[in-house]
Visitor: 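Following this message is one structure expressed as structure tokens.
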Amino acid sequence: PDTMLKFGTSITLTAGLALVVLSALDLLPLPVFIGFVALYNSGWSIVFPQSQAAALSQFPDVAGRVSAVLGFVQMLGAACVGLLFGAMYD
């Protein structure tokens with residue numbers, strides 16, 4: 001699991017930094033942007049399940065409840081961001 005976390009984090013970090021640098025230099029055409037976002041999401045898709053499994057492994061006797069709390073926090077965060085963006089761009 002640690003190897004996968006390091007691998008996914010390095011992909012995410014590299015793609016994110018590339019997006020920031022290329023955007024700052026104004027060298028980010030749409031196809032390049034889409035490619036780096038896809039790469040970033042690929043790294044995130046490696047990191048997220050591993051970190052969630054690591055969080056659940058700390059509480060094996062209440063894994064169902066911990067999983068429910070993780071899902072609740074994710075949905076709460078998404079709702080808050082949705083409300084924030086809705087208020088900003090209404």
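Here the structure is a predicted model, which is why all the values come from computation and not from measurement.
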Visitor: Heavy atoms only: give me the nearest Ala54-Ser57 pair and the separation to one decimal.
Guide: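 Shortest heavy-atom separation between Ala54 and Ser57 comes out as O-OG, 2.8 Å.
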Visitor: Show every donor-acceptor pair shorter than 3.5 Å between a side-chain atom in residues 26-43 and any protein atom, with sequence neighbours excluded, or say none if there are none.
Guide:
{"from": "Asn41", "atom 1": "ND2", "to": "Val37", "atom 2": "O", "distance (Å)": "3.4"}
{"from": "Ser42", "atom 1": "OG", "to": "Ala38", "atom 2": "O", "distance (Å)": "2.9"}

Visitor: Under 4.5 Å between side-chain heavy atoms, counting indirect links through other Ile/Leu/Val/Met/Phe/Trp/Tyr residues: same cluster for Leu83 and Tyr89 or not?
Guide: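 As far as the 4.5 Å side-chain criterion goes, Tyr89 and Leu83 are not connected within one cluster.
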Visitor: If you link ILVMFWY side chains whenever their heavy atoms are less than 4.5 Å apart, which other residues fall into the same cluster as Val20? By chain and number, please.
Guide: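 Listed partners: none, Val20 stands alone.
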Visitor: Hey, any chance Ile46 and Leu19 share a hydrophobic cluster, counting ILVMFWY side chains that come within less than 4.5 Å of each other, even indirectly?
Guide: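 Ile46 and Leu19: one cluster.
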Visitor: Side chains of residues 8-15: which donor-acceptor pairs under 3.5 Å do they make with residues two or more places apart or in other chains?
Guide:
{"from": "Thr9", "atom 1": "OG1", "to": "Leu5", "atom 2": "O", "distance (Å)": "2.6"}
{"from": "Ser10", "atom 1": "OG", "to": "Lys6", "atom 2": "O", "distance (Å)": "3.2"}
{"from": "Ser10", "atom 1": "OG", "to": "Phe7", "atom 2": "O", "distance (Å)": "2.7"}
{"from": "Thr12", "atom 1": "OG1", "to": "Gly8", "atom 2": "O", "distance (Å)": "2.9"}
{"from": "Thr12", "atom 1": "OG1", "to": "Trp44", "atom 2": "N", "distance (Å)": "3.2"}
{"from": "Thr14", "atom 1": "OG1", "to": "Ser10", "atom 2": "O", "distance (Å)": "2.7"}

Visitor: Connecting only ILVMFWY residues whose side-chain heavy atoms lie within less than 4.5 Å of each other, what is the rest of Met75's hydrophobic cluster?
Guide: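 None; Met75 is a cluster of one.
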Visitor: Can Leu56 be reached from Val62 by stepping across I, L, V, M, F, W or Y side chains whose heavy atoms are under 4.5 Å apart?
Guide: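 Both belong to a single hydrophobic cluster.
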Visitor: May I ask you to list the residues sharing a hydrophobic cluster with Leu76, side-chain cutoff 4.5 Å, ordered by chain and number?
Guide: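 Besides Leu76, the cluster holds Val69, Phe72, Val73.
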